[in-house]
Amino acid sequence: MALVTFSNPEYRDKTVYAVAGSHTETLLKLARENKIPINYECEDGECGTCLVKVSSVDQKHQRMGGPLTEKEKEVLRVSGKISKEEMEQMIVDDIPSPWRLACQMIVRDEDILVEY
Ligand code: FES
């Protein structure tokens, strides 16, 4: 069972359980189910509206979900959140990006903090 804490300066933090083992639920879907007001538009990794910052609060791991999808890579590069060089280094070092698109990131069995 993963604990996902949603944090925004304008709202009180809310921690919700993510169903472990399904590995198909996106962060955006989890947020909507729990009435977390994350902005979104396309729900298809195109617009970048659902950009969130994700960090692992599980000290044993530094996973933060699966790797970036191709759509996430493109949006993060175009928005200037991650440079091409940083992107390449992350791939080489197998380091997850702190910036994710909530509609693309699949929630894993990992405790995370999501800043939106
Ligand atoms: Fe458009 Fe996620 S809602 S990129």
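What you are looking at is a predicted structure, and each value in this text was computed from that prediction instead of being measured. Counting starts at 1 for both ligands and their atoms, following the listed order.
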Who pairs with Val75 by side-chain contact (heavy atoms from CB on, under 4.5 Å), at least two apart in sequence or on another chain? Leu101

Any Lys/Arg nitrogen of Glu74 or Lys71 sitting under 4.0 Å from an Asp/Glu carboxylate oxygen of the other? no

Under 3.5 Å, side chain of Lys81 to main-chain N/O of Leu51, donor-acceptor pair present? no

Mind checking whether Ile112 and Leu27 have side chains closer than 4.5 Å, heavy atoms only? yes

Using a 4.5 Å cut-off on heavy atoms from C-beta on, say whether the side chain of Leu30 contacts that of Phe6. yes

Would you tell me whether Asp13 and Ser7 have side-chain atoms, one donor and one acceptor, within less than 3.5 Å of each other? yes

Under 2.8 Å from atom 2 (Fe) of ligand 1, which protein N/O/S atoms are there? Cys50 SG, Cys103 SG

